[in-house]
Student: 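Right, I'll just put the structure down here and ask away after.
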Amino acid sequence: MSDHKYDHQKTEEKWLQSWEEQALFCDSDLDLSEDEQKDKEYLLYAFAYPSGSGLHVGHVEPKTALDIQARFKRMNGKKVFFPVGWDAFGLPAENYAIKTGIHPRETTKSAINTFRRQVKRLGISYDWNSELATNHPGYYKWTQWIFQQLYRKGLAYQGEGKVNWCPSCQTVLANEQVVNGLCERCDSQVTQKDLKQWYFKITDYKDELIDGLKKVDWPNPTKNQQINWIGRSEGAEVDFLIKTNENSNSDQEKLSIFTTRLDTILGATFMVISPEKFEEKNLARFLSATNKPKVQDYIKLAYKKTEEDRKIGEKDKTGVDTGLMIINPFNQEEIPLFVADYVLGGYGTGAIMAVPAHDERDLAFALKFGLAVKEVVVDGKLVNSAEYNGLTSQEAIKKMLAAHPDFARSSINYKLRDWLISRQRYWGAPIPVVYDPEGKAHLVKEEHLPWLLPDDVDFNPTGESPLRSSKEFKARVEKLYGKGWTPEYDTMDTFVDSSWYYLRYCGARDESQFADKKRLQTWMPVDLYLIGPEHIVLHLLYSRFFTKFLRDEGYLNLPDGEPFGKMRHQGMILGPDGKKMSKSKGNVINPDEIIKEYGADTLRVYEMFMGPLEADKPWNPRAVAGVSRFLRKIYRLVTLEIAKHKDSSLELLENRTELLQKLHWAIQKLTLDLPELKYNTAIAALMEFSNVWEKMVNSRQILLKKEELIDFIKLLAPLAPFITEELYDQARVLGLEMKESVHLDSWPKYNQSFLQKEETTLVIQVDGKLRAEMKWSTNQLDEKIAIIEHAKGLESMAKWLDGKNIQKEIYVPGKIINLVLA
RNA sequence: GCCGCGAUGGCGGAAUUGGUAGACGCGCGAGACUUAAAAUCUCGUACUAGCGAUAGUGUAAGGGUUCGAUUCCCUUUCGCGGCACCA
């Protein structure tokens, strides 16, 4: 008899090589017939940034989860497109270059090589023919092309924008590099600096970005996050007047506020303006000599804070009294004007009326500065509001707007801002713009795309964009456009790269267009997008914006304009200590080591078994061994069964009902759970079946017919592709007709007749507490009266029912009986 | 601070159109095999009381709706993700 031990290392490498030779999943033919298109399945994993430290067990989870989906769908006859790529531009490679002098191109290349090797070792069935990397000129040519299309439509424009600036390092800092307002490298105080930068006008699509969410199958919380981010709110704009001493009526300064609670306007006891708006309107000219320096000091201080600090610091509110008085147009009341940074310059009108009785932030501010609190809505009705008393909030708003069109009008505000894409960095796609000697911007001519990222660049921070140090770049522009012309030195935000990669997959090698039009038609939209929760807002919003824009330009026939039909999220794999894995905590698990010790199948199945895909889950080294045990047991059981079939003296076991019930139950469970990505319960079902099987294994008779044995192998194949391929191969001796690979075979079917039991267990409760059980024939579960009578007559029920009055009898068919006493 | 999510045995988790809480795995305990160990297998394992049958308690805390709540509603606590230049 053969040895039933499984050598994972040898076996996995054998099949890896075999799959590679057969090019099993590189369906170079992405051009489907119309008939085949109905069965298309485009599976997308948020492509990864290839970090220098290699693949992380956290990467393994979503890749495996989608791979299982890909294999399951293929076995169910779908045409699967499962591409792979690398989000290869970005800050870490550049920072590494500053530190070591090694060019980001080199580190990125070797990081991608490492990732590619590791991903292949996991047995992820990607279509490598469509592989792409955003730093490749063949890719970023089209990133630049999209920039140019946006520019032509007026959706890319230049404006002033603030950046975090470290005066000591002489460099722009990412928010991530600012820690408590200090530079992470040198601990200097970070300041804000104004720069002329490029923006994409995503706000043109704000309403469609909200409405489109109705058309997609995304988790509701994700939709809500997007909706709240766009932050559409309906309200009113009201003009207040600043009371100044110099002028009487003629040119009184207007100050507009936006409010969603116009009904509370008679409860406004002060007004707050943002530092930015105060400066913009030059209100300092009205200040008294004593107030002026005070206010200006405050504004200076506020400007030093980053926006995030301002938002987070909201609970400890700061502000300064300007000494100016503002006139509420609804009752001519004079209220004081404060400058405070809890009001943001960029939202609404940059000024608010403060109603401390009905707004928590205003209340906190009022309490700190000793300001009046006036209640104007009680039990849903207005009070202290003159002619509006007694009205509901809604009625009051309507009446107020109707009565005073001269200074109050309804208005809709959005939190969404335009997308700032300029980065003063090297490792990104150059913005394809040149400036003429007068400083006017022109697009780089299309024949000059890709507008190559220069190589002769000094990465060390000098206070200016790194591309400025390239002689080649300047010379190139003068040569192509004329003397005195200069390039744009900034590069694009890496979010621009990642906003359209799922389109580029449909034609990754196409040099004549951003993607193959026919393949876009075939494969878009994406059928399942799996991304981490950290991408919920920005990446998805930007991608949807790009898709809608390209559709509007006629490049994409996608009526909904929604790129991702169904989307789900994976959770985070935490360290064994339950904390986020990080080098500094020393709790990082390396997938290579797990593969070496247990094999890729174990790693895959373990990660899928840890818990629900979307949950954060801590790593448990011992539980990995448990999964390995499970797979080795399967190997033992299957090879033993194959051996039994070869022994002609053995016969099929007669009473196999329990085993077959469990098998068909498991087939059903996996058929339902796998498409729902409920892998943890699917694996549990396979374990339950193998437990039943194992208990019978000492029998000298055959337990599973040949076909049933193959069905079981197929059931496990999407989850553990290596060991199942090996077992499938060994099962060829059974002489059944089989495919070249288990992964090309079809998904097993379950037989309903094994799933129905003759008797059903009913639970009997008294006052909602479990007291007894009874069995009842499954096809007579609608006999309510007989069932309740039987339950009441049970011997074990006597002690609960004797001498008691039953007030109510509840029967839930097939489930419970509840007898309610007093 | 704002937006979103979560909390179930010693641990990861299972169960929700409201109907037997704890599937499956880990760990732990006992046993079998073995000279022994490893490996493997069998049985047990929420908590409290009891030899046991059994009874009571129990899904972060408090309250509510219901015949019945892990599931629905309200309040609170704690934890996680995002907050526009990390990707």
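By convention in this document, chain letters (A, B, ...) are assigned in the order of the sequence lines, proteins followed by strands, and residues within each chain are numbered from 1.
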Student: Answer with base, sugar-phosphate or nothing: what part of the nucleic acid does A/Ala684 contact at a heavy-atom distance below 4.0 Å?
Tutor: base
Student: So does A/Arg629 get a side-chain nitrogen or oxygen closer than 4.0 Å to the phosphate oxygens (OP1/OP2) of B/A39?
Tutor: no
Student: Which nucleotide in the set B/G19, B/C83, B/G25 lies at the smallest distance from any side-chain heavy atom of A/Trp229?
Tutor: B/C83
Student: Using a cut-off of less than 4.0 Å, is there contact between a side-chain N or O of A/Arg423 and OP1 or OP2 of B/C85?
Tutor: yes
Student: Nearest heavy atom decides the nucleotide; on that basis, is A/Asn680 or A/Val537 closer to the 5' end of RNA chain B?
Tutor: A/Asn680
Student: Which label fits B/G9, syn or anti, where anti is any glycosidic angle not within 90° of 0?
Tutor: syn
Student: Expressed as a whole number of Å, how far does the P atom of B/A7 sit from that of B/C51?
Tutor: 38 Å
Student: Considering only B/A23, B/U42, B/G19, which nucleotide approaches the side chain of A/Val812 most closely?
Tutor: B/G19
Student: If the cut-off is 4.0 Å, is A/Lys769 near the phosphate of B/U20, judged by side-chain N/O to OP1 or OP2?
Tutor: no
Student: Base, sugar-phosphate, or nothing for A/Asn698, non-hydrogen atoms under 4.0 angstrom?
Tutor: nothing
Student: Hey, does the side-chain of A/Arg425 have a donor or acceptor N/O within less than 3.5 Å of a partner on the base of B/C85?
Tutor: yes
Student: Counting any heavy atom closer than 4.0 Å, what does A/His539 reach on the DNA or RNA strands: base, sugar-phosphate only, or nothing?
Tutor: nothing
Student: For A/Glu176 and B/C85, what is the distance between atoms CD and P respectively, to the nearest whole Å?
Tutor: 13 Å
Student: Is the shortest side-chain N/O distance from A/Asn175 to OP1 or OP2 of B/C83 below 4.0 Å?
Tutor: no
Student: Quantified in whole Å, what is the P atom distance between nucleotide B/U66 and nucleotide B/U71?
Tutor: 16 Å
Student: Rounded to the nearest Å, what distance is computed from the CG atom of residue A/Leu420 to the P atom of nucleotide B/C86?
Tutor: 12 Å
Student: Check whether any side-chain nitrogen or oxygen of A/Lys617 sits under 4.0 Å from OP1 or OP2 of B/G12, and answer yes or no.
Tutor: no
Student: Side chain of A/Gln765: nearest nucleotide among B/G19, B/A23, B/G82?
Tutor: B/G19
Student: Less than 4.0 angstrom between a side-chain N/O of A/Thr494 and OP1 or OP2 of B/A87, yes or no?
Tutor: yes
Student: Could you tell me whether the phosphate oxygens of B/C5, OP1 or OP2, come under 4.0 Å of any side-chain nitrogen or oxygen in A/Asn224?
Tutor: no
Student: Measuring from the side chain of A/Gln197 (C-beta onward, heavy atoms only), which nucleotide among B/C5, B/G27, B/C85 has the closest atom?
Tutor: B/C85
Student: Base, sugar-phosphate or nothing for A/Glu688? Non-hydrogen atoms, less than 4.0 Å.
Tutor: sugar-phosphate
Student: Assess the residue pair A/Glu809 and A/Lys784 against the criterion (salt bridge (charged side-chain N to carboxylate O under 4.0 Å, His left out)); give the C-alpha distance rounded to whole Å, side-chain angles, the decisive distance to 0.1 Å, and a yes or no.
Tutor: CA-CA 10 Å; A/Glu809 295 167 348; A/Lys784 178 177 174 178; over 6 Å; no
Student: Please work out if A/Gln424 contacts a base, only the sugar-phosphate, or nothing of the nucleic acid, heavy-atom cut-off 4.0 Å.
Tutor: base
Student: Rounded to whole Å, how long is the line connecting atom NZ of A/Lys799 with atom P of B/U54?
Tutor: 8 Å
Student: Could you go step by step and tell me if A/Phe689 and A/Phe712 meet the ring pair (Phe, Tyr, Trp, His ring centres under 6.0 Å) rule?
Tutor: CA-CA 10 Å; A/Phe689 168 71; A/Phe712 173 74; 5.3 Å; yes
Student: Does A/Arg771 put a side-chain nitrogen or oxygen below 4.0 Å from OP1 or OP2 of B/G56?
Tutor: yes
Student: What's the closest nucleotide to the A/Phe609 side chain, out of B/G25, B/G81, B/C41?
Tutor: B/G25
Student: When you measure from the side chain of A/Trp800, which nucleotide among B/G56, B/C85, B/C24 comes out closest?
Tutor: B/G56
Student: Please state the P separation for the pair B/A61 and B/C78 - nearest whole angstrom.
Tutor: 15 Å
Student: For a quick check of understanding: with a heavy-atom distance under 4.0 Å over all strands, which category does A/Glu360 fall into, base, sugar-phosphate or nothing?
Tutor: nothing
Student: With salt bridge (charged side-chain N to carboxylate O under 4.0 Å, His left out) as the test, would you mind laying out the steps for A/Asp359 and A/Arg361 before giving the verdict?
Tutor: CA-CA 6 Å; A/Asp359 183 288; A/Arg361 289 163 305 174; 3.3 Å; yes
Student: If you measure only the distance, is there a donor-acceptor pair under 3.5 Å linking the side chains of A/Glu688 and A/Trp665?
Tutor: no
Student: Rounded to whole Å, please give me the gap between OH in A/Tyr679 and P in B/G25.
Tutor: 21 Å
Student: Could you tell me whether A/Glu61 and A/Lys617 have a side-chain N and a carboxylate O separated by less than 4.0 Å?
Tutor: yes
Student: Rounded to the nearest Å, what distance is computed from the CD atom of residue A/Gln192 to the P atom of nucleotide B/A84?
Tutor: 11 Å
Student: Any side-chain N or O of A/Asn818 below 4.0 angstrom from OP1/OP2 of B/G19?
Tutor: no
Student: Under 4.0 Å, heavy atoms only, any strand: does A/Val172 hit a base, just the sugar-phosphate, or nothing?
Tutor: base
Student: Nearest to the side chain of A/Glu694, which nucleotide is it out of B/C41, B/G13, B/C5?
Tutor: B/C41
Student: When you compare B/U70 with B/G9, how far apart are their P atoms, in angstrom units rounded to a whole number?
Tutor: 14 Å
Student: Check the pair A/Phe200 / A/Phe147 against ring pair (Phe, Tyr, Trp, His ring centres under 6.0 Å), numbers first and verdict last.
Tutor: CA-CA 9 Å; A/Phe200 287 160; A/Phe147 174 97; 5.8 Å; yes
Student: Which nucleotide, B/A87, B/U40, B/C80, lies nearest any side-chain atom of A/His535?
Tutor: B/A87
Student: Quantified in whole Å, what is the P atom distance between nucleotide B/U42 and nucleotide B/G25?
Tutor: 10 Å
Student: Could you check A/Gly768 against A/Tyr49 and say which one's nearest nucleotide on RNA chain B is further toward the 5' end?
Tutor: A/Gly768
Student: How many Å lie between CG on A/Leu55 and P on B/A87, as a whole number?
Tutor: 19 Å
Student: Could you check whether A/Ile810 gets within reach of a base, just the sugar-phosphate, or nothing at all, counting any heavy atom under 4.0 Å?
Tutor: base
Student: From the list B/A84, B/U20, B/C86, which nucleotide is the closest neighbour of the side chain of A/Leu770?
Tutor: B/U20
Student: With a 4.0 Å cut-off on heavy atoms, is A/Phe495 in touch with a base, just the backbone sugar-phosphate, or nothing at all?
Tutor: base
Student: Does A/Trp419 reach a base, just sugar-phosphate, or nothing at all? Heavy atoms under 4.0 Å.
Tutor: nothing
Student: Measuring from the side chain of A/Asn228 (C-beta onward, heavy atoms only), which nucleotide among B/C86, B/G4, B/C85 has the closest atom?
Tutor: B/G4
Student: NA contact type, A/Val163, heavy-atom cut-off 4.0 Å: base, sugar-phosphate, or nothing?
Tutor: base
Student: Assess, by modelled atom type and distance only, whether the side chains of A/Thr681 and A/Asp673 contain a donor and an acceptor separated by less than 3.5 Å.
Tutor: yes
Student: Just to be sure I understand the rule, does A/Ser51 reach a base, reach only the sugar-phosphate, or reach nothing, if contact means heavy atoms closer than 4.0 Å?
Tutor: nothing
Student: Roughly how far apart are A/Asp490 CG and A/Arg423 CZ, rounded to 0.5 Å?
Tutor: 9.5 Å
Student: A side-chain contact here means heavy atoms from C-beta on lying under 4.5 Å apart; do A/Gln177 and A/Asn164 qualify?
Tutor: no
Student: Base, sugar-phosphate or nothing for A/Glu607? Non-hydrogen atoms, less than 4.0 Å.
Tutor: nothing
Student: Determine the contact category for A/Leu416: base if any of its heavy atoms lies under 4.0 Å from a base atom, sugar-phosphate if only primed atoms, P, OP1 or OP2 are that close, otherwise nothing.
Tutor: base
Student: Hydrogens and angles aside, do A/Tyr157 and A/Asp418 bring a side-chain donor and acceptor to less than 3.5 Å of each other?
Tutor: yes
Student: A/Glu614 has an atom CD; how far is it from atom P of B/G4, in whole Å?
Tutor: 19 Å
